[in-house]
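These numbers come from the heavy atoms of this one structure, side chains and all, not from hydrogens, waters or symmetry mates. The sequence lines fix the lettering, A, B, ..., with proteins before strands; numbering per chain opens at 1.
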Protein chains: 2
Amino acid sequence: MKTRLFIVDDHYLVIEGIRSLLQQEDDIEWMGHATNGESCLAFLQNHEPDVILMDISMPGMSGIDLCKMVKIKFPGIRILGLSTFDQKSFVEKMIENGASGYVLKNAGKEELLKAIMAAKSFKSYLSFDAAQALRNPNDKELPVLTRREKEVLELIASGMTNQEIADNLFISSTTVDTHRKNLMLKFEAKNVAAMINLAGKGGFL
Amino acid sequence: MKTRLFIVDDHYLVIEGIRSLLQQEDDIEWMGHATNGESCLAFLQNHEPDVILMDISMPGMSGIDLCKMVKIKFPGIRILGLSTFDQKSFVEKMIENGASGYVLKNAGKEELLKAIMAAKSFKSYLSFDAAQALRNPNDKELPVLTRREKEVLELIASGMTNQEIADNLFISSTTVDTHRKNLMLKFEAKNVAAMINLAGKGGFL
DNA sequence: TAAACTATCCTGTAAAAACAGGATATTTCA
DNA sequence: TGAAATATCCTGTTTTTACAGGATAGTTTA
């Protein structure tokens with residue numbers, strides 16, 4: 001039986017490229033594509049692919065969130081993360097959210113096929129660099145932030161002072177300061193500069 | 001006569017995808033690919049393609065720098081920027097450095113072909129979003145930083161205080177402060193947090 | 001070559017963040 | 001339900017940045 005494949009990626013050229021690449025494969029049935037999380041969920045109302053190839057960085061809903069939602073609503077669908085980033089935390093988040101594997105965009109066709117076939121038969125597959133990233137203890141985990149902390153973080157990054165943030169959120173400036181302290185603890189950063197840098201690289205901004 | 005095409009991109013899947021996509025096109029001759037700037041320059045020692053498709057974000061030499069170098073050494077080669085970023089400053093930099101056009105990865109096959117054909121006949125082509133970006137006055141230009149300013153910027157982002165940076169670079173802390181002031185002026189940022197955020201998004205970190 | 005840019009250094013003040021060490025409601029979830 | 005997590009608030013002190021307003025020597029480049 002053919003593997004029914006669906007792909008979610010905001011880069012149309014990547015979609016067309018992969019489609020063209022897999023067209024000659026007889027055991028893969030191309031079901032279609034979406035360029036964002038919302039259309040993907042809409043598609044799944046009426047169709048059930050075996051495997052979804054999912055970019056993790058997309059405008060709007062991230063692949064990480066999308067993966068979680070799809071897995072809750074449709075536990076039978078296998079998901080493969082497809083990304084340019086080999087950051088440990090991203091790979092981990094996808095696996096935690098139920099993905100069957102993770103393939104980097106600098107992998108080759110063979111690796112992609114291997115991952116799809118593994119997913120199809122309920123096995124998991126990590127591309128070399130992704131597995132490497134997981135093994136790397138230097139690469140710190142991304143901290144888990146609360147909703148409020150994320151709000152404060154973004155306002156800090158926008159250049160506001162504690163007082164301005166306080167006015168903006170209708171809370172006391174000392175509360176903002178507490179959130180700031182907790183953010184720095186979670187990021188293990190010495191000062192804002194380091195924190196904003198880490199937050200940016202971690203995809204929070 | 002066929003258009004001899006070469007591609008530079010650090011994502012192998014993108015290369016294979018585009019190759020597969022353009023394989024059926026009779027008027028395009030696929031010359032090969034490189035996954036970084038250095039290999040591209042090495043290839044050009046012995047070969048001369050008509051058009052190079054060039055990713056702008058690559059490990060090591062950026063597409064922007066590579067474009068400049070290729071254009072100096074081989075003015076006859078036309079270069080097309082190929083990227084996920086539709087930031088005004090990136091598009092501008094590529095055009096300034098002699099690129100014939102700029103195509104976003106969320107463009108379709110048709111657009112890519114149009115751009116290649118335009119470049120082939122010494123015309124220029126911008127994909128819709130790239131042209132849109134150029135017209136957008138909100139999107140600020142990236143500041144031009146001196147070598148020293150870049151050094152200081154990175155040390156600030158790493159979490160060092162002015163005194164620590166001073167010790168690191170063997171200069172006075174007041175000098176570091178001056179660089180800091182100039183950096184903030186150039187980024188038009190109110191404080192470090194905003195500056196690091198902008199610097200990160202602008203690709204300086 | 002003269003103007004523009006770059007890198008270096010200085011003094012001083014005001015504002016903000018970092019650090020320490022609390023407290024208390026409310027929500028979440030096992 | 002009861003512990004854990006979250007969000008809120010407070011008083012201090014010390015360190016660091018932000019801002020103002022300089023100066024000087026070397027290096028590019030038009």
Side-chain angles (χ1 to χ4, degrees), chain A residues 65 68-69 71-72 93 96-98 141-200 204-205, chain B residues 65 68 72 93 96-97 141-200 202 204-205:
Chain A
D65 294 331
K68 196 175 196 171
M69 292 183 71
K71 268 292 172 179
I72 289 172
K93 281 257 171 65
E96 264 173 43
N97 287 355
E141 324 243 325
L142 284 183
V144 177
L145 304 185
T146 67
R147 209 173 313 144
R148 204 49 153 178
E149 284 167 345
K150 280 183 199 163
E151 277 182 285
V152 172
L153 174 62
E154 289 197 4
L155 295 179
I156 291 173
S158 80
M160 288 188 188
T161 66
N162 285 341
Q163 190 54 58
E164 288 170 332
I165 296 171
D167 294 344
N168 204 281
L169 298 178
F170 304 105
I171 54 179
S172 153
S173 71
T174 63
T175 304
V176 177
D177 197 57
T178 306
H179 287 310
R180 199 190 202 100
K181 271 190 286 191
N182 289 332
L183 280 166
M184 298 227 295
L185 269 180
K186 286 187 175 182
F187 278 104
E188 297 176 59
K190 269 180 61 191
N191 53 34
V192 234
M195 183 179 75
I196 297 294
N197 188 21
L198 291 172
F204 288 101
L205 300 174
Chain B
D65 295 330
K68 196 175 197 170
I72 290 171
K93 282 255 171 64
E96 265 172 44
N97 287 356
E141 326 242 323
L142 284 183
V144 178
L145 304 185
T146 68
R147 208 173 314 142
R148 204 51 153 175
E149 284 167 345
K150 280 182 199 163
E151 277 182 285
V152 173
L153 174 63
E154 289 197 4
L155 295 180
I156 291 174
S158 81
M160 287 187 187
T161 66
N162 285 342
Q163 191 53 57
E164 287 170 333
I165 296 172
D167 295 343
N168 205 281
L169 299 178
F170 303 105
I171 55 180
S172 154
S173 71
T174 64
T175 303
V176 177
D177 197 57
T178 306
H179 288 309
R180 198 190 201 100
K181 271 191 286 191
N182 290 332
L183 280 165
M184 296 226 295
L185 270 179
K186 286 186 176 182
F187 278 104
E188 299 176 59
K190 271 179 60 188
N191 53 36
V192 236
M195 184 179 76
I196 297 296
N197 188 21
L198 290 171
F204 288 99
L205 301 172

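As rounded to whole Å, 15 Å separates atom C1' of D:dT6 from atom CG of A:L185. Between the CG atom of B:L183 and the C1' atom of D:dA18 there is a distance of 14 Å, rounded to whole Å. The distance between atom CD1 of B:I165 and atom P of C:dT8, rounded to the nearest whole Å, is 13 Å. Summarising the geometry, the separation between NZ on A:K150 and P on D:dT6 is reported as 11 Å, rounded to the nearest angstrom. The distance from atom NE2 of B:H179 to atom P of C:dT6 is 11 Å, rounded to the nearest whole Å. In this structure, the CD atom of B:E151 is 15 Å from the P atom of C:dT6, given to the nearest Å. Per the geometry, CE belonging to B:M195 stands 12 Å off P belonging to D:dC19, to the nearest Å. Nucleotide C:dC9 holds its P atom 14 Å from the CG atom of B:N182, rounded to whole Å.
A close approach under 4.0 Å does not occur between any side-chain nitrogen or oxygen of A:T146 and OP1 or OP2 of D:dT6.
Using a 4.5 Å heavy-atom threshold, the side chains of A:T146 and A:N182 count as separate. Between A:M160 and A:D167 there is no side-chain heavy-atom pair separated by less than 4.5 Å. In this structure the side chain of A:E151 never reaches within 4.5 angstrom of the side chain of A:I165, judged on heavy atoms.
Of the two residues contacting DNA chain C, namely B:F170 and B:V144, the nearest-nucleotide position lying further toward the 5' end is that of B:V144.
Using a 4.0 Å heavy-atom distance criterion, B:T175 is classed as a base contact.
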Nucleotide by nucleotide, 5' to 3', does protein get under 4.0 Å of the base (B), only the sugar-phosphate (S), or neither (-) in nucleotides 11-30 of chain C, counting heavy atoms? B-----SSBBB---------
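If you check the side chains of A:E164 and A:N168, you find no donor sitting under 3.5 Å from an acceptor.
Listed for the A:N197 side chain is a donor-acceptor partner under 3.5 Å among the backbone atoms of B:A157.
Here A:E149 does not pair with A:R180 in a salt bridge; the nearest charged N to carboxylate O distance is not below 4.0 Å.
Shortest non-hydrogen contact noted between A:K190 and B:G159 is NZ-O, 3.8 Å.
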